[in-house]
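Below: one structure, written as structure tokens.
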Amino acid sequence: MSTPGMLTVEVDGRSVEVPHGTMVMEAANRLGIYVPHFCYHRKLSIAANCRMCLVQVEKAPKPLPACATPVTDGMKVWTHSDAARQAQNGVMEFLLINHPLDCPICDQGGECQLQDLAVGYGQSASRYGEPKRVVMHKDIGPLVGAEEMTRCIQCTRCIRFGQEVAGVMELGMIGRGEHAEIVAFVGRTVDSELSGNMIDLCPVGALTSKPFRYSARPWELSRRKSVSPHDGLGSNLIVQTAGDRVMRVLQLENEEINECWLSDRDRFSYQGLNAPDRLAQPMIRQGGALREVDWQAALEETVRLFRAVSEKHGGAAIGVLAGPGSTLEELYLVQKLARGLGSDNVDFRLRQWDFSADADLAGAPWLGMKVSEIESLDRVLIVGSFLRKDQPLLANRFRQAARRGQQVNLLHVAGDDPLVRLQNRWMVGPSALVGALA
Amino acid sequence: MNTAHPPFDPLVFGPDAQIMKGVDGLNWRLADYEARGGYRALKKIFAEKIAPDALIAEVKKSALRGRGGAGFPTGLKWSFMPRQFPGQKYVVCNSDEGEPGTFKDRDILRYNPHVVIEGMVIGAYAMGATVGYNYIHGEIWDVYERFEEALAEARAAGYLGDRILGGDFSFQLHAHHGYGAYICGEETALLESIEGKKGQPRFKPPFPASFGLYGKPTTVNNTETFAAVPWIVLNGGAAYLDLGRPNNGGTKIFSMSGDVARPGNYEVRLGTPFAALLEMAGGMRGGRRIKAVIPGGSSMPVLPGEVMMKTDMDYDSIAKAGSMLGSGAVIVMDETRCMVRCLERLSYFYFEESCGQCTPCREGTGWLYRMVHRIETGRGRTEDLDTLVSVSDNIAGRTICALGDAAAIPVKSFIQHFREEFAHHIEHKRCMVGERGAARDKAAA
Ligand SMILES: Cc1cc2nc3c(=O)[nH]c(=O)nc-3n(C[C@H](O)[C@H](O)[C@H](O)COP(=O)(O)O)c2cc1C
Ligand code: SF4
Ligand code: FES
């Protein structure tokens, strides 16, 4: 009855065909059916530990976790039947008995998966009258706050993220049973260049953004879509503002580019915008001293100076250097301005010394393919890149691809570890790099 | 470190003993084992060139069921191992023995370690595994050390290692000790632990036969299960089956504990009446009346004494009576035992031993214990009993491993059979029975 190689499954009375190996959770998602969950995340391995996604499956004597139950042909699943609801409600009760329910002072309030699902699956009063668990807070570095670990529901998303995406295990679980808690290694902090994603992944307010902590409620902020200026990748962002002030930056999902991740650089550098020593007013140097002026005065002064040069020496005497982190649109405007002044001298390569290969280049140098396509390459040679620092999310693409069999090779001038499984690694002195390539 | 081994009463194993036949507490070495006919089964296999499939068929015929707790048919389990697998396959022996009341594997390993080694070599040969581990509970260090010695003996004699008995089959067996966590007895947690990870159960499927140790096909069997295998090979599956009852082949070692006159291990034919087993253990201590029995280790349902006195000790009979044979740990409680106190003790164990991975067990075991503890300490509330049952229902069958069920089952069965004692405790804030109850009555007066 199914297409060859496909399985047919019925979820809540609606049929869908899925390939072998699909889990019930994904099959339900394809039908637009939401199954409540905490530990499941499509980019992470399956842990099946929260048990929130229990559903009723035909002929199964017990409710089964949708996230970890593979679809079989002809399977019938009910995600909201009495049996399923009973199991889900039971799990929700367990999750809440030791949860502090401090939502009014919790940074996660308003964007908390536990809070949201408790509305649908929880009771208004608790049957639990025993003492509640308290878990000590931890200092795991300046970015990710682990200040209220009592809120943790032990879903292990943060741990799996470290192991599987960031490529380095920096958080783990110690203790058993009720004493289980998430910790960093003794005396260590979380230093991955992707660490901020743990904040997004944490379904409750256990891991929060330290810079953002207690500064605003999510529903007070407005959202603007944006693109990261920090590397060539162009990660998609949501910039959240209160009035004119940028309060925080979140990922905007784009499977082609940053997937659902963001590097810490992209996520936390907004703090520079609010830094007290930031240049916020135009200034003019007069008699050796800088003087704050308004924009009108500054622009008039600029025009005056440009005009003086071009009248005396011609437009070609003007050169324009643009920051390489500028967007395409900004760079376009800069060159337009320069040409308007009669100059063709525009460049953004502020740190390049040797331009002898210019003649061989046609057009702008670029990756040559979509970011998402690099995962389908069979073999890769990376030359001279501190990949994790230069392109944290590109490094993750290679990390995932290498796990699926891509052969990644690295020719580098330093023993920098990209946390990618490498097929070969060559280390040469900087002066020998070209020779090694030849 | 070599700890002294406790004194030993060979009689306790009973007249029908097969695994422990001829064992006197001192004769554990290879030469003794050979003198008892040890390693003859292995020699027979190689001399008669018995094929692996024929061995598995024989074990199936014997109706040997797993002695670790679930009673799963061993031959069937062995047949799940992929026959033509190109990579490494493993057999693992589960000697973690953490279930309260169970102390038989410890004695098998201590007094007759070679029978386990021989059983494992045969199992490995039948399933085509070339590497094996025996995972030994971490709190019986002397047993672990002795097993290492026994391994060295077996290797030196050519029963283990490369080209066993000069033939084509090689099998490397290693001892591995845990650190005493109950959860490491759950087979997938045990595998994680051998791999050097935290002992936490894996979600199944996939089962160990397809994804086991280091992701390779693996069969995990209990110590006593492996120990039964040499006898089956020597005497045939049919003879083993005849020792017991249909579908319940062989003998079984029961760990008798609690209020019996002579606690200890007794190896009897499956199907032996409980009354006869109790008699072997010297009857009730102090001649007191039997009140309750947990017939299969602390995670199995408790049954009233009078039900047990009419029940036979085999998987199917005990199941019919409303409990399970489990690991064969028989905990006997007499009329002076307060059932609330007993349950409190058990609930504390499961609360303490939950691995904390999945929500219902991590949160629920603490909730159960705290409620029972409140009742026991005179702070119970009327609604507690219903809450206990409903919390148990919310744990059972919803967890990654069976520890969740193991925590829920005692609670439900104790309340089912002894509800009035719990109600009495809640209402009167003291025990209904026993010396504690009496002592408190006196103190209150
Ligand atoms: C929480 C838990 C603890 C267990 N502890 C043990 C144990 O100590 N020894 C054991 O043999 N089996 C134990 N088991 C059962 C094992 O998972 C497994 O079923 C058994 O070792 C299989 O061997 P068998 O087929 O020979 O019985 C435990 C199971 C659970 C869920
Ligand atoms: S049932 Fe308990 S012991 Fe088993 S995996 Fe879940 S938390 Fe761990
Ligand atoms: S989402 Fe399935 S168990 Fe957590």
Side-chain angles (χ1 to χ4, degrees), chain A residues 21 23 38-39 45-55 60-65 67-70 72 83-84 86-99 114 126-133 152-156 159 163 169 172-182, chain B residues 179-184 189 197-206 348-374 379-381 383-384 386-388 390-405 407-408:
Chain A
M23 298 296 162
F38 294 106
C39 68
S45 65
I46 296 168
N49 58 28
C50 77
R51 318 308 280 179
M52 191 64 208
C53 67
L54 291 173
V55 293
K62 308 186 272 194
L64 297 176
C67 69
T69 303
T72 55
Q86 204 186 338
Q88 293 156 1
N89 291 351
V91 171
M92 178 50 80
E93 181 179 37
F94 284 135
L95 283 170
L96 292 178
I97 63 171
N98 274 308
H99 193 77
L114 186 64
S126 174
R127 294 194 290 169
Y128 185 75
E130 323 301 326
K132 283 188 164 218
R133 165 175 67 224
C152 170
I153 57 167
Q154 280 83 11
C155 69
T156 67
I159 300 178
Q163 289 174 316
M169 184 183 186
M173 194 190 270
I174 56 160
R176 260 197 330 235
E178 239 186 56
H179 311 295
E181 54 181 312
I182 305 287
Chain B
Y179 277 93
Y182 172 59
I183 193 59
C184 289
K197 302 179 194 147
K198 189 177 179 190
Q200 284 189 333
R202 298 174 183 164
F203 179 77
K204 287 151 286 200
Y348 184 75
F349 176 80
Y350 292 107
F351 164 49
E352 190 58 37
E353 296 292 339
S354 161
C355 86
Q357 190 178 191
C358 57
T359 306
C361 173
R362 178 185 65 240
E363 308 293 341
T365 51
W367 193 356
L368 289 179
Y369 164 68
R370 290 195 176 95
M371 275 193 282
V372 181
H373 177 68
R374 251 196 311 99
R379 293 172 294 138
R381 295 189 279 263
E383 67 273 18
D384 283 344
D386 290 340
T387 311
L388 277 170
S390 117
V391 171
S392 300
D393 285 338
N394 279 345
I395 301 174
R398 311 214 175 139
T399 51
I400 291 181
C401 84
L403 194 145
D405 305 86

message = Give me the atom names and distance for the closest heavy-atom approach of A:Val91 to B:Pro360.
response =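 The answer is CG2-CG, 4.3 Å.
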task = Indicate yes or no: at least one non-hydrogen side-chain atom of B:Gln357 is less than 4.5 angstrom from one of A:Gln154.
result =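 They are not in contact (no side-chain heavy atoms under 4.5 Å apart), so the answer is no.
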ask   = So do the side chains of B:Thr359 and A:Ile153 get within less than 4.5 Å of each other, counting heavy atoms only?
value =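 They are not in contact (no side-chain heavy atoms under 4.5 Å apart), so the answer is no.
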ask   = Taking every heavy-atom pair that is under 4.5 Å apart, which of A:Gln86, A:Arg133, A:His179, A:Met52 has the most such pairs with chain B?
value =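 Ranked by contacts with chain B, first place is A:Arg133.
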inquiry  = As an exercise: rank A:Ala180, A:Ala87, A:Gly90 by heavy-atom pairs under 4.5 Å with chain B and give me the winner.
reply    =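 Ranked by contacts with chain B, first place is A:Ala87.
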Contact origin within [X] toward chain A - heavy atom pairs under 4.5 Å:
X        : result
B:Thr387 : both
B:Arg381 : side chain
B:Leu403 : neither

query = Does the pair B:Glu383/A:Arg127 count as a salt bridge with the N-to-O cut at 4.0 Å?
reply =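 A:Arg127 and B:Glu383: not salt-bridged.
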message = Strictly below 4.0 Å, N to O, side chains only: are B:Glu353 and A:Arg176 in salt-bridge contact?
response =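 A salt bridge is present here (some side-chain N lies under 4.0 Å from a carboxylate O).
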request  = Would you check if the side chain of A:Arg51 reaches a backbone N or O of B:Thr399 as a donor-acceptor pair within less than 3.5 Å?
outcome  =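 Yes.
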task = Working to the nearest 0.5 Å, report the span between OG1 of A:Thr69 and CZ of B:Phe203.
result =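 Interatomic distance, A:Thr69 OG1 to B:Phe203 CZ, rounded to 0.5 Å: 4.5 Å.
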ask   = How many angstroms lie between atom CG of A:Leu95 and atom CZ of B:Arg362, to the nearest 0.5 angstrom?
value =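 So the CG of A:Leu95 and the CZ of B:Arg362 are separated by 6.5 Å.
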ask   = Who pairs with A:Tyr128 by ring pair (Phe, Tyr, Trp, His ring centres under 6.0 Å), at least two apart in sequence or on another chain?
value =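 Once residues adjacent in sequence are excluded, the partners of A:Tyr128 under the ring pair (Phe, Tyr, Trp, His ring centres under 6.0 Å) criterion are B:Trp367.
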query = Looking at residues at least two apart in the chain, or sitting in another chain, which of them share a ring pair (Phe, Tyr, Trp, His ring centres under 6.0 Å) with A:Phe94?
reply =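 For A:Phe94 there are no ring pair (Phe, Tyr, Trp, His ring centres under 6.0 Å) partners, ignoring immediate neighbours.
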For [X], is it the side chain, the backbone, both or neither that has a heavy atom under 4.5 Å from a heavy atom of chain B?
X        : value
A:Ile174 : backbone
A:Pro65  : side chain
A:Ile97  : side chain

message = By the definition side chain to side chain donor-acceptor pair (under 3.5 Å), identify the one residue from B:Arg374, B:His373, B:Arg370 that meets it with A:Glu130.
response =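 Only match with A:Glu130 under side chain to side chain donor-acceptor pair (under 3.5 Å): B:Arg374.
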request  = Determine the option with the most heavy-atom pairs under 4.5 angstrom with chain A, choosing from B:Cys355, B:Ala396, B:Gly356.
outcome  =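 Most pairs with chain A among the choices: B:Cys355.
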request  = Output, in order, the C-alpha distance, side-chain angles, deciding distance and verdict of side-chain contact (heavy atoms from CB on, under 4.5 Å) for A:Lys62 and B:Arg398.
outcome  = CA-CA 7 Å; A:Lys62 308 186 272 194; B:Arg398 311 214 175 139; over 6 Å; no
Test item: side-chain donor near acceptor, A:Asn98 and B:Glu363, under 3.5 Å =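 Per modelled atom types, A:Asn98 and B:Glu363 side chains form a pair under 3.5 Å.
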